[in-house]
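Report on the structure given below.
Naming convention: chains lettered A, B, ... in sequence-line order (proteins, then strands); numbering from 1 in each chain. This is a predicted model, so every value here is computed, not measured.
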Amino acid sequence: MKISNETLIEMLRRMYRIRHFEEKVIELVAAGELIGAAHTSIGEEATHVGACMALAPDDYEMGTHRSHGHPIAKGAALKPLMAELLGRATGVNRGKSGSMHLADFSIGSLGETSIVGSGLPAAAGAALGAKMLNNGKVSLCFFGDGASSQGTFHESMNLASIWKLPVIYLCENNGYAVTTAASYSVSVKDVADRAQGYDMPGVVVDGQDVIAVYEVVQQAAERARKGNGPSLVEAKTYRYREHAEGAMFESVGKASHYRGDEEYNSWLKRDPIILFRAKLVEMGVITEAQADDLNQETHEEVLEAVTYAKESPLPEQQEAFEGLYSTPISA
Amino acid sequence: MKISNETLIEMLRRMYRIRHFEEKVIELVAAGELIGAAHTSIGEEATHVGACMALAPDDYEMGTHRSHGHPIAKGAALKPLMAELLGRATGVNRGKSGSMHLADFSIGSLGETSIVGSGLPAAAGAALGAKMLNNGKVSLCFFGDGASSQGTFHESMNLASIWKLPVIYLCENNGYAVTTAASYSVSVKDVADRAQGYDMPGVVVDGQDVIAVYEVVQQAAERARKGNGPSLVEAKTYRYREHAEGAMFESVGKASHYRGDEEYNSWLKRDPIILFRAKLVEMGVITEAQADDLNQETHEEVLEAVTYAKESPLPEQQEAFEGLYSTPISA
Amino acid sequence: MRELNYLQAIREAQFEEMKRDPKVFIMGEDITYSIYGTTAGFLEEFGAERVRNTPISESGFTGVGIGAALVGMRPIVDYSIASFIFVAMDQLVSMAAKATYMYGGQAKVPIVFRAVMFYGGGNAAQHSDRPYPSLMNVPGLKIIMPATPYDMKGLLKSAIRDDDPVFCFEDGTVLSSTGPVPEEEYLVPIGIGDIKREGTDVTIVGIAGCVALALQAAEALAQEGISAEVIDPRTLVPMDKNIILESVSKTGRLVVADPAHKTCSAASQVAAIVAEEGFWSLHAPIQVVATADVQIPFSPTLEQQVYPTKEKIVEAVHKTMA
Amino acid sequence: MRELNYLQAIREAQFEEMKRDPKVFIMGEDITYSIYGTTAGFLEEFGAERVRNTPISESGFTGVGIGAALVGMRPIVDYSIASFIFVAMDQLVSMAAKATYMYGGQAKVPIVFRAVMFYGGGNAAQHSDRPYPSLMNVPGLKIIMPATPYDMKGLLKSAIRDDDPVFCFEDGTVLSSTGPVPEEEYLVPIGIGDIKREGTDVTIVGIAGCVALALQAAEALAQEGISAEVIDPRTLVPMDKNIILESVSKTGRLVVADPAHKTCSAASQVAAIVAEEGFWSLHAPIQVVATADVQIPFSPTLEQQVYPTKEKIVEAVHKTMA
Ligand SMILES: Cc1ncc(C[n+]2csc(CCOP(=O)(O)OP(=O)(O)O)c2C)c(N)n1
Ligand SMILES: Cc1ncc(C[n+]2csc(CCOP(=O)(O)OP(=O)(O)O)c2C)c(N)n1
Ligand SMILES: [Mg+2]
Ligand SMILES: [Mg+2]
């Protein structure tokens with residue numbers, strides 16, 4: 001299936017956006033301007049973008065504690081996201097959620113959730129809603145290799161299968177849950193193998209190859225829209241940073257050597273952005289110059305987002321006590 | 001592998017014991033002498049007994065709300081069990097547990113638990129304990145087709161596999177969870193197929209054939225004792241009664257026709273006791289007369305258990321407030 | 001007026017709301033067979049899409065309900081027995097209760113959770129829980145606890161129309177109790193308590209099944225010439241403080257009766273509110289009559305000991321009058 | 001005397017008990033890497049059998065711990081952050097808390113559950129829970145809440161030696177706080193409170209991190225000539241009522257400070273106990289200073305608003321003196 005140049009270029013743009021956004025997050029954490037746990041997606045951009053671009057703009061997406069890249073890949077505006085990370089009133093969640101729980105309902109991002117495994121059932125629920133509302137949407141749920149050990153994985157896969165829900169479970173297997181290797185915690189070679197146990201297709205894909213991810217997710221989405229039910233896709237990818245930003249994890253990383261240098265460097269060589277950029281140039285979709293511009297533009301977008309965030313007001317103290325309910329109490 | 005006549009006869013004895021015990025339970029419920037939910041195992045005796053007899057007498061066993069047959073199959077004395085069902089001070093649990101939560105630690109029955117799926121992790125834990133204590137024991141966990149949809153199933157299978165725990169997961173697939181067909185709620189043909197997802201053997205066995213169950217469980221137990229880890233065994237069986245005793249379920253059963261007469265009768269024809277008894281006679285292990293005696297003896301054991309229970313005192317009221325802790329509070 | 005029992009009131013509320021709004025649907029284990037009667041005839045009326053049997057996957061289908069609510073559906077999740085909600089606790093706490101606030105108002109979670117508390121029937125520790133206090137400590141959930149068929153129908157209908165997650169706890173000791181329920185449509189607002197009996201000497205706040213016990217106690221006390229006012233908060237979160245404080249300001253004495261375990265019970269919360277905000281009205285110590293802090297034993301001889309009773313409530317009132 | 005911080009006290013308690021008893025082992029996610037330092041060096045010392053990394057399966061490994069305890073092991077289950085225990089709630093409630101009672105004493109469940117409550121650090125609603133009140137309503141669990149390094153080491157060692165399930169909640173706001181911890185072996189008994197500061201005018205009961213705030217408040221109040229007595233129950237279940245009631249009988253005034261959400265908090269329970277059993281000693285309304293009944297917001301401007309503070313405690317004391 002042919003992917004339009006426009007789409008290909010948009011993919012690269014979003015990958016750069018995520019990369020620049022995350023690099024800025026690292027700076028802000030180091031500078032003490034961004035507090036709380038912050039998990040970056042550097043190295044996993046192809047998985048995020050390939051999956052989200054394969055969906056319709058208003059399809060549903062749910063994600064994880066590694067929360068920034070998913071909505072950006074889905075097309076979220078950067079300013080409200082960055083403002084959220086800096087706890088501003090203009091944050092997409094009004095400064096209520098911070099880094100681990102971004103959401104942008106305007107582009108189908110129904111919420112990143114930081115309790116590992118907690119988003120899987122709700123993603124099936126959004127798919128059930130789509131089915132009952134007959135709105136033709138599909139639901140995609142990002143989850144990690146670590147999350148695949150939660151009971152909610154099993155329950156969600158089973159429910160999605162027996163009800164033939166239009167949902168795609170996308171396992172971002174970056175090899176580790178914090179310091180714990182998937183090779184230790186997952187009792188089977190590929191998480192995708194577990195799809196058999198739920199009578200649904202299970203596909204392993206190279207998570208550093210955005211086009212490969214795009215294609216398998218597009219097939220899964222088609223299958224879902226046709227009413228043929230859910231799919232499990234496992235993207236093999238890698239995070240280039242420690243589990244989270246902040247000294248604690250740095251030291252853990254350094255001290256533990258839970259990822260050998262050799263492994264680490266071999267993955268660095270497969271930087272999804274470098275690979276995809278080279279491919280597009282080679283394909284003649286863009287020139288090096290145009291690619292540099294994309295890089296430049298997205299970097300500026302991020303800088304503008306930071307400026308916007310820093311210039312935005314903090315929430316009124318009173319707002320801490322507001323917004324618990326959607327239906328105010330009659331009493 | 002040759003099974004001794006002694007063992008074969010003991011199997012039939014325990015199957016009769018369960019049958020008579022359960023038939024008495026039905027009477028006691030109907031008479032209003034046994035209160036609370038009571039789930040019988042009539043029709044599933046071969047699965048209980050085949051599995052438990054394949055274990056060593058002091059191996060561990062954990063079970064479900066359908067709680068009577070498992071400890072009996074494991075070799076528990078009937079009197080304390082029946083006394084428990086009648087809420088007597090002499091009950092195996094001092095009248096604290098009733099029908100759904102029998103346990104007899106003296107024969108390795110570590111507790112039946114009535115929250116569906118809640119026993120699966122603890123069974124893996126008993127296996128971990130056996131491994132760490134190096135006591136050579138294996139742990140067997142009964143669970144239903146309905147329980148296989150709980151997240152604890154997934155988590156337990158994965159943990160048992162990565163830690164190579166000496167545990168046997170025995171799914172008693174009687175086709176239904178209350179009124180819900182496994183063919184509806186389980187997304188795969190056989191629960192045993194899910195073993196692949198945990199890199200452990202998964203075997204389907206005829207749950208009406210006590211010797212077949214005995215043999216697969218014995219192999220699983222051997223594997224476990226050798227340190228080769230867990231197994232999943234699925235016994236296809238059937239309950240001849242409604243989900244639980246009591247008018248509510250009777251009416252549900254009658255009204256719902258969730259099990260067609262044809263299906264029901266085809267399973268009745270495969271009554272595990274009739275089949276096994278005939279086989280033993282045919283094998284020349286026992287005579288019809290000896291089989292009648294077994295039937296008679298076990299029936300009398302049950303009657304004695306009822307007499308014992310009825311003659312036993314009720315607990316002292318004060319005991320309601322005792323036994324919450326094993327270590328009394330220093331304060 | 002026409003009389004219905006508590007289960008019929010649940011059925012009617014669900015039936016009417018599913019008729020009214022096609023976005024309302026219900027799911028739970030064996031729900032099409034309606035073991036307790038609250039969805040009798042629903043499969044025929046609304047079809048299998050809106051009356052969904054679930055596998056035994058409480059966290060899974062709770063989360064499915066939440067996700068469906070996030071995109072505009074209005075699910076009713078029926079757990080049958082309240083002891084099973086612990087399996088779904090994370091979905092209730094981390095997702096249902098937190099989404100609206102955490103996502104800055106982007107998320108609406110119009111979902112109703114229902115569970116019957118089957119205590120007192122010899123089902124022992126794992127089937128007799130009254131777990132609402134554990135959820136009362138979790139901001140974001142609304143918790144209703146109707147004690148009569150009238151309140152049940154009216155509150156459940158309000159819950160289904162509410163845009164927030166509402167947990168409806170049903171008391172197993174009053175399932176067959178009947179009471180007047182008008183034919184015509186009505187709602188009972190969430191967050192408003194009710195004076196079930198007027199009195200002047202002592203206030204008895206009854207929770208769930210203890211409302212009926214409190215009324216029996218009030219009747220007995222009347223014989224002795226003690227005039228007890230019986231208050232039913234009906235909603236535990238948000239709690240109608242004022243109706244309790246006003247009653248206590250009149251009577252000066254408070255007994256709280258609650259089927260939950262005493263430690264951190266709803267009754268303790270009521271006592272704490274009055275000790276903080278109604279202290280100057282009190283003429284005597286507050287008395288809490290709740291279930292003992294032990295697990296629920298099976299044997300009827302034992303089980304009968306642990307719960308609040310009419311007698312225990314009367315005795316508590318006597319203490320406050322002493 | 002030698003000083004240790006709170007995390008070092010946890011580490012030392014675990015280390016000593018694992019040395020003492022080979023049946024003690026510990027499991028949790030990434031525990032061999034000891035992200036918080038409480039198991040630093042354990043892998044080298046005790047090996048991978050007794051220092052077990054778990055997959056992210058909180059119900060699964062909680063149940064595994066329970067099963068291992070049933071057959072004679074003495075597991076320590078480290079959840080790291082307290083917000084994750086909801087995933088394991090059913091195993092905690094239906095299995096750990098109920099087994100001993102329900103099986104008539106046949107089952108012993110010697111297991112320790114540990115979780116740090118990381119609130120106040122900008123981790124927002126899903127990572128900032130202080131969930132102990134939800135467990136206080138569940139009979140069968142013992143719940144300890146050490147507020148100082150000394151109490152932490154002594155109580156945790158007692159918990160590991162206890163034959164019942166003990167939940168140890170650790171307060172994230174005091175992790176780096178230091179205090180004297182003797183070199184020689186000692187135990188702090190479960191169920192016994194402690195007077196952290198003597199006083200005569202008002203009793204301040206502090207829970208977890210609020211003990212430190214209460215002491216700061218007492219210091220400030222001393223400047224005004226108000227003598228506050230600070231009580232730390234140290235164990236929430238079973239609660240040391242007497243130490244609280246005796247203090248209130250002396251001071252006649254009570255403020256309870258608790259980082260939990262106010263509704264059905266530990267503070268509400270303390271207030272209820274005193275309103276019932278210490279009423280005649282009270283000269284003024286009880287004041288509860290707890291976390292507001294909203295979820296925890298991320299933005300520091302917002303998050304700072306919701307928790308108890310030294311100032312709020314001082315203000316509450318002023319109210320009781322007014
Ligand atoms: C229920 C729960 N347990 C533990 C944690 C702590 N935690 C946060 S992220 C994480 C690792 C998740 O690994 P994975 O699912 O592979 O996602 P990744 O971080 O690799 O993207 C853990 C253990 C949590 N947030 N929720
Ligand atoms: C967590 C939980 N959910 C629901 C129930 C109610 N319930 C009791 S038994 C049962 C069916 C169990 O089916 P299965 O596992 O196949 O065992 P079977 O009864 O067929 O032996 C259900 C739904 C329960 N006890 N626990
Ligand atoms: Mg990972
Ligand atoms: Mg079954």
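- Rounded to the nearest 0.5 Å, atoms CE (A:M157) and OG (C:S57) are 13.0 Å apart.
- Of the listed residues (A:L102, A:D104, A:T152), the one with the most heavy-atom contacts under 4.5 Å to chain C is A:D104.
- By number of non-hydrogen pairs under 4.5 angstrom with chain A, the leading residue of C:K23, C:Q106, C:M95 is C:Q106.
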(request) Go through A:K96 and C:M102 one step at a time and tell me if the side-chain contact (heavy atoms from CB on, under 4.5 Å) criterion holds. (result) CA-CA 5 Å; A:K96 292 265 178 80; C:M102 189 170 74; 5.7 Å; no
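- Summarising the geometry, atom OH belonging to A:Y325 is positioned 9.0 Å from atom CG belonging to C:D162; distances are rounded to the nearest 0.5 Å.
- Most heavy-atom pairs under 4.5 Å with chain C: of the set A:A126, A:G151, A:S114, A:A127, this distinction falls to A:A126.
- At most 12 non-hydrogen atoms from other residues, nucleotides or ligands lie less than 6.0 angstrom from CZ of A:R94.
- The residue among A:A130, A:S156, A:P121 with the most heavy atom pairs within less than 4.5 Å of chain C is A:P121.
- Both the backbone and the side chain of A:A103 have a heavy atom closer than 4.5 Å to some heavy atom of chain C.
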(request) Please step through side-chain contact (heavy atoms from CB on, under 4.5 Å) for the pair C:D90 and A:I115, ending with a clear verdict. (result) CA-CA 9 Å; C:D90 182 63; A:I115 297 298; 3.4 Å; yes
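- For CD of A:E316, the number of neighbouring non-hydrogen atoms (other residues, nucleotides, ligands) closer than 6.0 Å is 12 at most.
- A heavy-atom distance below 4.5 Å is found between the side chains of A:Y60 and C:V71.
- With a threshold of 4.5 angstrom between heavy atoms, C:M27 approaches chain A through side-chain atoms but not through N, CA, C or O.
- Contacts of A:N158 with chain C are made by side-chain atoms alone, with heavy-atom separations under 4.5 Å and no backbone atom involved.
- With hydrogens and angles ignored, the 3.5 Å screen pairs a side-chain donor or acceptor of C:Q91 with a backbone N or O of A:S118.
- Proximity to chain A involves both the backbone and the side chain of C:T100, based on heavy atoms less than 4.5 angstrom apart.
- Heavy atoms only, all atoms of each residue included: C:Y103 and A:E112 are closest at OH-O, 2.6 Å.
- Options C:K108, C:K142, C:R161, C:R50 differ in how many heavy-atom pairs under 4.5 Å they form with chain A, and the most are formed by C:K142.
- Contact of A:E322 with chain C is made through the backbone alone, with heavy-atom distances under 4.5 Å.
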(request) Decide yes or no on side-chain contact (heavy atoms from CB on, under 4.5 Å) for A:T113 and C:K98, but give the supporting numbers first. (result) CA-CA 10 Å; A:T113 162; C:K98 291 175 178 175; over 6 Å; no
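- Ranking C:G105, C:P139, C:G72 against chain A, the residue ahead of the rest is C:P139, based on heavy-atom pairs under 4.5 Å.
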(request) Starting from the C-alpha separation in whole Å, work towards a yes-or-no answer on side-chain contact (heavy atoms from CB on, under 4.5 Å) for C:T54 and A:W163. (result) CA-CA 10 Å; C:T54 62; A:W163 288 345; 4.0 Å; yes
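- Heavy-atom distances place both the backbone and the side chain of C:E49 under 4.5 Å from chain A.
- The distance from atom CD of C:E58 to atom CD of A:E155, rounded to the nearest 0.5 Å, is 7.5 Å.
- Listed here is the closest heavy atom pair of A:I162 and C:P55: CD1-CG, 3.5 Å.
- A donor-acceptor pair under 3.5 Å is formed between the side chain of C:Y101 and the backbone N or O of A:A320.
- Residues C:G60 and A:L159 approach most closely at C-CD1, 3.6 Å, considering heavy atoms.
- Within a 6.0 Å sphere centred on NZ of C:K250, other residues, nucleotides and ligands contribute more than 12 heavy atoms.
- Ranked by non-hydrogen atom pairs under 4.5 Å with chain A, the options C:L141, C:N242, C:V109 are led by C:L141.
- In this structure a side-chain-to-backbone donor-acceptor pair under 3.5 Å is present from C:D164 to A:T327.
- The minimum heavy-atom distance between C:A107 and A:S326, with the atom names listed, is O-OG, 4.0 Å.
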